[in-house]
Amino acid sequence: MPENKKCAHPSCHCHARDGSDYCSTYCEGEAETADIVCNCGHPACGH
Ligand SMILES: [Zn+2]
Ligand SMILES: [Zn+2]
């Protein structure tokens with residue numbers, strides 16, 4: 001059972017949701033775009 005698996009988005013610092021490689025639909029859609037900052041909106045990616 002994976003614990004604290006990181007979101008697969010290259011620039012995201014969040015933990016992935018259960019059953020997903022990403023923390024959010026934003027990251028699922030942007031996963032192929034290596035943005036400098038993540039805009040998923042989670043506190044861990046706040047800036
Ligand atoms: Zn993020
Ligand atoms: Zn993410």
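Please read these numbers as outputs of a predicted model, since none were measured by experiment. Both counts, for ligands and for their atoms, begin at 1 and track the order of listing.
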Got an N, O or S from Cys23 under 2.8 Å of the Zn ion (ligand 1)? no
Can you tell me if His42 has an N, O or S atom under 2.8 Å away from the Zn ion (ligand 1)? no
[X] N/O/S atom closer than 2.8 Å to the Zn ion (ligand 2):
{"X": "Cys12", "result": "yes"}
{"X": "Cys7", "result": "yes"}
{"X": "Cys40", "result": "no"}

Using modelled atom types only, decide if a donor and an acceptor are shared between the side chain of His9 and the backbone of Ser11 within a distance under 3.5 Å. yes
Expected output: side-chain Lys6 to main-chain Cys12 donor-acceptor under 3.5 Å: yes
Any chance you could measure Lys5, atom NZ, to Arg17, atom CZ, to the nearest 0.5 Å? 11.5 Å
Atom SG in Cys23, atom NE2 in His42: separation rounded to 0.5 Å? 5.0 Å
Are the side chains of Ser20 and Glu28 in contact, using a 4.5 Å heavy-atom criterion? yes
